[in-house]
Amino acid sequence: MAENILLGRWRLHQRGWFIDQTAMRRKASKVLGELGVEIDPAAKVSKLSVAERQLVEIARGLSFGPRVLILDEPTSSLPAGEVEILLRSVRGLSRRGVAIVYVSHRMEEIQQIADSVTVLRDGEHVGTLPIAEAPTAEVVRLMTGEAKALTLRGGAQATHGDIALKVSGLTTAAKLRGASFELRQGEIVGLAGLLGSGRTELLRAIYGLDPVVAGRIEISGKAAIGRSPRAMIRQGVGLAPEDRKKEGLMLDMSISNNLVLASMHKVMRWAMLSNRKQASLARQAASRMSVKLARFSDPVRALSGGNQQKIVLGKCLNADVKIFLLDEPTRGVDIEAKHQIYSLLQQLTAQGAAILVASSEMEELMLICDRLLLIKDGKIIGEKDVARTDLAEVMAITMGAAH
């Protein structure tokens with residue numbers, strides 16, 4: 001990790017051509033200390049979590065002792081506790097005379113640290129306002145071009161359909177410890193917990209990515225057949241993973257190819273790919289997801305983060321998924337794309353789909369979910385109806401400050 005923080009500035013021993021690992025780790029530890037982060041500077045970045053890798057990137061920027069520091073979505077992968085550490089560090093740098101350009105879609109962070117807000121839309125400057133004149137509603141209006149208000153979902157539906165997914169005593173060797181819950185048709189259930197609580201591991205175990213030591217999974221009242229992603233897709237279960245670039249997309253393949261990866265049976269005939277069927281299926285999904293693209297033949301890496309996420313969800317739609325497992329579905333996604341994804345989730349549940357969503361943004365879970373499953377240390381420690389709880393109570397329970 002120290003090598004990444006000091007990339008291009010590796011220190012050599014005074015004698016010889018060998019890298020001075022001790023000096024590098026000492027410098028890296030100092031920079032991490034300024035962020036208030038305790039990570040072993042000798043650790044391999046490949047072994048770190050997504051949040052820890054984000055902190056390493058930020059530490060690398062700080063290691064230059066900059067006069068101007070540009071932070072692009074620095075908290076997109078961070079849980080609440082680490083977000084505050086970062087914001088405190090940013091405020092400290094500002095007081096020391098460092099100019100900060102802070103790019104974020106998290107409105108609450110901008111209100112906490114910014115002196116002024118500049119809004120860009122479609123590559124054009126829309127406006128710059130002092131923070132005192134930039135309430136969240138006004139910033140959203142400038143970003144989207146219209147006044148968009150989100151309403152709480154909790155309590156909007158009095159009843160739901162049959163049980164779509166039932167998990168009983170799910171246990172893995174690494175994290176999960178007897179997780180049990182039910183998910184009904186037409187329902188959005190959120191997994192609320194801190195980083196490392198087991199949110200991602202639960203979704204991966206259900207989908208068949210991580211081996212299960214014990215437990216039972218039922219889909220529409222029947223025991224799940226097989227424990228692999230292929231088997232789960234066939235039974236109507238789809239996953240939008242936390243890291244879409246590494247696990248959800250084939251970045252160098254075309255947009256069209258990515259959209260049909262989970263539904264090849266629909267575009268194959270006599271073991272041959274039908275370009276006509278693939279194009280038709282891709283167009284339908286892209287239209288439904290409002291994907292902004294130039295050509296379907298372009299590599300999916302050419303799309304913005306929000307449009308890449310839409311491709312991941314479109315891939316699930318093409319596979320006729322009825323149970324959606326969503327891990328950080330709006331991470332790194334702009335306000336307009338968030339609205340579009342939220343709207344799609346509402347449409348899907350209205351059609352009877354069941355959605356289980358994990359997010360590090362508690363406000364998002366309170367906004368889009370009917371119920372919350374509170375998860376801590378690999379166990380589901382409680383359940384809350386969104387309409388009958390508040391954010392402070394959920395945060396207190398998941399952080400261990402209340403029961």
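Computed from a predicted structure; not experimentally measured. Just the heavy atoms: all of them, side chains too, but no hydrogens, waters or symmetry mates, feed the values below.
In the model, Lys245 has no side-chain atom that pairs as donor or acceptor with a side-chain atom of Gln308 under 3.5 Å. With 3.5 Å as the limit, one finds no donor-acceptor pair spanning the side chains of Thr349 and Glu187.
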Inset, instruction - Using the side-chain hydrogen bond (donor to acceptor under 3.5 Å, both in side chains) rule, take Glu364 and Thr330 through it: C-alpha gap first, then chi angles, then the decisive distance, then the call. - result: CA-CA 9 Å; Glu364 179 171 78; Thr330 63; 2.3 Å; yes

Inset, instruction - Show the numbers, then the answer: is there a side-chain hydrogen bond (donor to acceptor under 3.5 Å, both in side chains) between Asn4 and Glu57? - result: CA-CA 8 Å; Asn4 274 272; Glu57 290 185 39; over 6 Å; no

Inset, instruction - Run the numbers on Gln278 and Leu273 for side chain to side chain contact (heavy atoms under 4.5 Å, CB included), then give the verdict. - result: CA-CA 8 Å; Gln278 175 174 305; Leu273 176 66; 3.4 Å; yes

Inset, instruction - Verify side-chain hydrogen bond (donor to acceptor under 3.5 Å, both in side chains) between Gln340 and Ser290, making sure each step is shown before the conclusion. - result: CA-CA 8 Å; Gln340 291 170 346; Ser290 301; 4.5 Å; no

Inset, instruction - Please assess Leu129 against Ser116 for the test side chain to side chain contact (heavy atoms under 4.5 Å, CB included), listing each intermediate value before the final yes or no. - result: CA-CA 6 Å; Leu129 297 172; Ser116 65; over 6 Å; no

Inset, instruction - Carefully, step by step, assess Ile255 and Arg295 under the rule side chain to side chain contact (heavy atoms under 4.5 Å, CB included). - result: CA-CA 8 Å; Ile255 296 168; Arg295 295 175 300 274; over 6 Å; no

Inset, instruction - Walk me through it: do Lys266 and Asp320 pass the test salt bridge (Lys or Arg N to Asp or Glu O under 4.0 Å)? - result: CA-CA 11 Å; Lys266 292 185 177 182; Asp320 299 325; 2.9 Å; yes

Inset, instruction - Might you work through the side chain to side chain contact (heavy atoms under 4.5 Å, CB included) test for Leu326 and Leu345, ending with a clear yes or no? - result: CA-CA 10 Å; Leu326 309 181; Leu345 300 187; 3.7 Å; yes

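Taking CD1 from Ile100 and CZ from Arg91, the interatomic distance works out to 12.0 Å, rounded to the nearest 0.5 Å. The CG atom of Leu281 sits 10.5 Å away from the OG atom of Ser274 when rounded to the nearest 0.5 Å. Interatomic distance, Arg204 CZ to Leu239 CG, rounded to the nearest 0.5 Å: 8.0 Å. A distance of 13.0 Å separates CD1 of Ile375 from CD of Glu383, quoted to the nearest 0.5 Å. A distance of 13.0 Å separates CD of Gln235 from CZ of Arg230, quoted to the nearest 0.5 Å. Between the CD atom of Glu109 and the CG atom of Leu71 there is a distance of 10.5 Å, given to the nearest 0.5 Å.
Nearest heavy-atom pair across Ile5 and Ala28 is CD1-CB, 4.0 Å. In plain terms, the two heavy atoms of Gly248 and Val312 that are nearest each other are O-CG2, 4.0 Å. Contact record, Val237 with Tyr207: O-CE1, 3.5 Å, taken as the closest heavy-atom pair. Contact record, Gly215 with Arg227: O-NH2, 3.5 Å, taken as the closest heavy-atom pair. Between Gly306 and Val333, the shortest heavy-atom contact is CA-CG2, 3.8 Å. Across all non-hydrogen atoms, the minimal contact from Val386 to Cys369 is CG2-O, 3.4 Å.
When atom types are taken as modelled, the side chain of Asp385 and the backbone of Arg371 share no donor-acceptor pair closer than 3.5 angstrom. When atom types are taken as modelled, the side chain of Arg216 and the backbone of Leu170 share no donor-acceptor pair closer than 3.5 angstrom. Under the 3.5 Å distance criterion, the side-chain polar atoms of Ser280 are left unmatched by any main-chain donor or acceptor of Lys277. Using modelled atom types, one side-chain atom of Ser254 and one backbone atom of Asn257 make a donor-acceptor pair closer than 3.5 Å. Judged by distance alone, the side chain of Asn318 and the main-chain N or O of Leu259 form a donor-acceptor pair under 3.5 Å. Here the side chain of Arg301 pairs no donor or acceptor atom with the backbone of Asp252 at under 3.5 angstrom. Without hydrogens or angle criteria, Thr172 side chain to Leu176 main chain gives a donor-acceptor distance under 3.5 Å. Using a distance-only test at 3.5 Å, with no hydrogens or angles considered, a donor-acceptor pair links the side chain of Asn307 to the main chain of Lys292. Remark: side-chain polar atoms of Ser359 are not paired, donor with acceptor, to backbone N or O of Leu365 under 3.5 angstrom. Using a distance-only test at 3.5 Å, with no hydrogens or angles considered, a donor-acceptor pair links the side chain of Gln111 to the main chain of Ala134.
Other residues, nucleotides and ligands place no more than 12 heavy atoms under 6.0 Å from the CE atom of Met250. The neighbour count for Lys166 NZ, taken as heavy atoms of other residues, nucleotides or ligands under 6.0 Å away, does not exceed 12. Under a cut-off of 6.0 angstrom, the local environment of CD in Glu124 is sparse, with at most 12 non-hydrogen atoms contributed by other residues, nucleotides or ligands.
In this structure Arg283 satisfies the salt bridge (charged side-chain N to carboxylate O under 4.0 Å, His left out) test with no other residue, sequence neighbours excluded.
Taking the side chain as every heavy atom from C-beta outward, Lys384 and Ile397 approach each other to under 4.5 Å. The side-chain heavy atoms of Arg25 and Asp40, taken from C-beta on, include no pair separated by under 4.5 Å. Residues Gln309 and Met289 fail the side-chain proximity criterion, which asks for heavy atoms closer than 4.5 Å. With contacts defined as side-chain heavy-atom distances shorter than 4.5 Å, the pair Thr200/Leu191 does not qualify. Contact of the Tyr102 side chain with the Asp72 side chain is not registered, since no non-hydrogen atoms from C-beta on lie closer than 4.5 Å. With a 4.5 Å cut-off on side-chain heavy atoms, Ile163 and Leu183 do not count as touching. A 4.5 Å side-chain heavy-atom check between Phe64 and Leu69 finds every atom pair outside the cut-off. At a threshold of 4.5 Å between non-hydrogen side-chain atoms, the residues Leu325 and Leu356 count as touching.
Checked for salt-bridge contact, Lys44 and Glu3 miss the test: no charged N lies under 4.0 Å from a carboxylate O. Looking at Glu242 and Arg331, a side-chain N of the basic residue comes within less than 4.0 Å of a carboxylate O on the acidic one, giving a salt bridge. Salt bridge annotation for Lys338-Glu361: present, with a cationic side-chain nitrogen under 4.0 angstrom from a carboxylate oxygen.
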